[in-house]
Protein chains: 2
Amino acid sequence: MADGAKNRAAGSVLARVPKSTFRVHIADGLRAAILNGDIQPGAQVIETALAEQFGVSRGPLREAMRQLIDEGLLVAVPYTGTHVVDLSVDDVREIYSMRVTLEVFAFEHIWERRDEAFRRGLVARHDALTACIDAQDDAASIVAELQLHGFVYEATGHKLLIRTWDSIRGRLQLYWAAHHRAHGIRGPRRDGHDRYVEMALSDDFDALKAEITDHMARGGRQTEEFLRGREGPGAG
Amino acid sequence: MADGAKNRAAGSVLARVPKSTFRVHIADGLRAAILNGDIQPGAQVIETALAEQFGVSRGPLREAMRQLIDEGLLVAVPYTGTHVVDLSVDDVREIYSMRVTLEVFAFEHIWERRDEAFRRGLVARHDALTACIDAQDDAASIVAELQLHGFVYEATGHKLLIRTWDSIRGRLQLYWAAHHRAHGIRGPRRDGHDRYVEMALSDDFDALKAEITDHMARGGRQTEEFLRGREGPGAG
DNA sequence: CAATAATCGATTGTTGACAATCTGCGCTCC
DNA sequence: GGAGCGCAGATTGTCAACAATCGATTATTG
């Protein structure tokens, strides 16, 4: 999306933000509410109720909901209702298998262009994640881990890849948040990312590839253990 | 103009699919108009004009346009206007590079499960494509080629992968259609797909991988030759 | 004549009301 | 007492009017 075309509002952070439209603001708020667990997976989302809560009419709210449907966070049935997606075991397995492919693809793109800025950026985000884990701040660690991986995608400059990652990230975050609420501790273990970053900065691409595959496999195993009990909510 | 909603209640019984809503119908029609070239890349798309043309109000039309924006066919600037995307050289290069990754991933998934139904389906679609090429029906060959590749994605049963392919397919078709209108002959050469299908049914995965990479590289070269002259429309 | 401010047309963003459809519940009828 | 029918409530789909914003054109001023 071309949002940086004209950037003249450099310093004016006044009450009025003319470029902003209700749709994006509401989409952000609703997305946050879902990912935060205020609206739990499977729960129904009613337009009229939300519209009143947000203080807008149904028009912009509908468009925001459409966007979240496209992001895979909501699912709607015409004339009937809209619900927060409840991911099944297969859904999460798909997410993790896709992540292996996308992330290896990302590193293929930047492998020869891993300059000092990239290395520093990656280490900085790894340090931030480690700090969150050590502080046992699960909510923050979710965001930190997404930012670590997101940094890799951004570094490629591959707009289509970044767009694809965006479409997956929401669902991944939805699952992590649910996992966190159910288990208390989520689970990005420190040593796992230590190895990941080490390989990402090494000169052995095959080793990194193996590490990514293993990294996702571990995440996938956690997933299945977690979701087994609830047995096929059948989202999508 | 406003009688669209009232006409549907009359007469015909069986033909009506109750689940259908204006949004999807309009999205289909508008998408077809864009991919068909009735609305050319770079052209502005005005809500009020289209709404009248489709015989609906701006509400459903807006939602259909939002969907096409998400599919990457339109790009909108708040309060200003919406235009058909005009792909740049980099955009198309990204599409082709992404296709290599996704399609290899797809074959990884189905490699051990290529049963007789898959083989027959693939050959059937290849025959259909070949027929279109021999008949020099470029428009049909575009659809046929998309169906050939789409069949592979569908065979995986990987919903997330299929969804990702869907998000790319529209832009790919947009480019192919523009290429076709400009060059007359588009370019899915027969021998290229012969090799592709042969490898897809073989037992040599690495050979298929190489063929896919080469297949896309050829498409990419055509692209650059075609788009070079127009120099950076800078869509996105 | 050049630079800046005011204005106007065009387009999208937003709203509240109305219509169509689905789902669940009670009712009749056998 | 069970099966089918019809009604009512709830929810989404659709519409036409109104408001906000942008881009360009024109008027103004030094």
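In what follows, chains carry the letters A, B, and so on, assigned in the order in which the sequence lines appear, proteins first and then strands, with residues in each chain numbered from 1. Note: hydrogens, waters and symmetry copies are ignored here, and every other heavy atom, side chains too, is used.
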Inset, instruction - Compare the minimum distances between each of C:dG13, C:dT12, D:dT12 and the side chain of B:Thr48, then state the nucleotide with the smallest one. - result: C:dT12
Legend entry - Atom-to-atom span, CG of B:Leu61 to C1' of C:dT12 - whole angstrom: 12 Å
Legend entry - Sugar-phosphate only, base, or nothing, as touched by A:Gly59 at under 4.0 Å among non-hydrogen atoms: base
Legend entry - Minimum-distance nucleotide to B:Tyr79 side chain [options: D:dT12, D:dA20, D:dC15]: D:dA20
Legend entry - Atom-to-atom span, NE2 of B:His83 to P of D:dG23 - whole angstrom: 11 Å
Inset, instruction - Sort out for me which residue in A:Val143, A:Leu174, A:Ile142 forms a side-chain contact (heavy atoms from CB on, under 4.5 Å) with A:Leu35. - result: A:Leu174
Inset, instruction - Consider the side chain of B:Arg58, meaning its heavy atoms from C-beta on, and name the nucleotide among C:dT12, D:dG13, D:dT14 that approaches it most closely. - result: C:dT12
Inset, instruction - Quickly, which of A:Leu122, A:Leu102, A:Leu161 forms a side-chain contact (heavy atoms from CB on, under 4.5 Å) with A:Val152? Name it, please. - result: A:Leu122
Inset, instruction - Quickly work out the A:Phe22 CZ to C:dT14 C1' distance and round it to whole Å. - result: 8 Å
Inset, instruction - Verify the contact: side-chain N or O of A:Thr80 to OP1 or OP2 of C:dC22, cut-off strictly under 4.0 Å; return yes or no. - result: no
Inset, instruction - Please report, rounded to the nearest Å, how far the C1' atom of D:dT14 is from the CZ atom of A:Arg66. - result: 13 Å
Legend entry - NE2 (A:His25) with more than 12 external heavy atoms under 6.0 Å: no
Inset, instruction - Indicate, with a heavy-atom threshold strictly under 4.0 Å, whether A:Val24 touches base, sugar-phosphate, or nothing. - result: nothing
Inset, instruction - Determine: side-chain N/O of A:Arg62 to OP1/OP2 of D:dT12, distance under 4.0 Å, yes or no. - result: no
Legend entry - Separation of D:dG13 P from A:Ile69 CD1 (nearest whole Å): 8 Å
Legend entry - Gap between atoms CZ and C1', on A:Phe54 and C:dT14 respectively (whole Å): 16 Å
Inset, instruction - Specify the separation, in whole Å, of atom CZ of A:Arg23 and atom P of D:dA20. - result: 18 Å
Inset, instruction - Please name the residue in the list A:Leu73, A:Asp70, A:Thr82, A:Ile26 that meets the side-chain contact (heavy atoms from CB on, under 4.5 Å) test with A:Met65. - result: A:Thr82
Inset, instruction - Could you check B:Glu63 against A:Gln44 and say which one's nearest nucleotide on DNA chain D is further toward the 5' end? - result: A:Gln44
Inset, instruction - Examine D:dT14: is either OP1 or OP2 under 4.0 Å from a nitrogen or oxygen in the side chain of B:Thr21? Give yes or no. - result: yes
Inset, instruction - Round to a whole Å and report the spacing from CD1 of B:Ile26 to C1' of D:dG13. - result: 11 Å
Inset, instruction - Mark yes or no for whether A:Glu94, through its side chain, and B:Lys159, through its backbone, hold a donor-acceptor pair below 3.5 Å. - result: yes
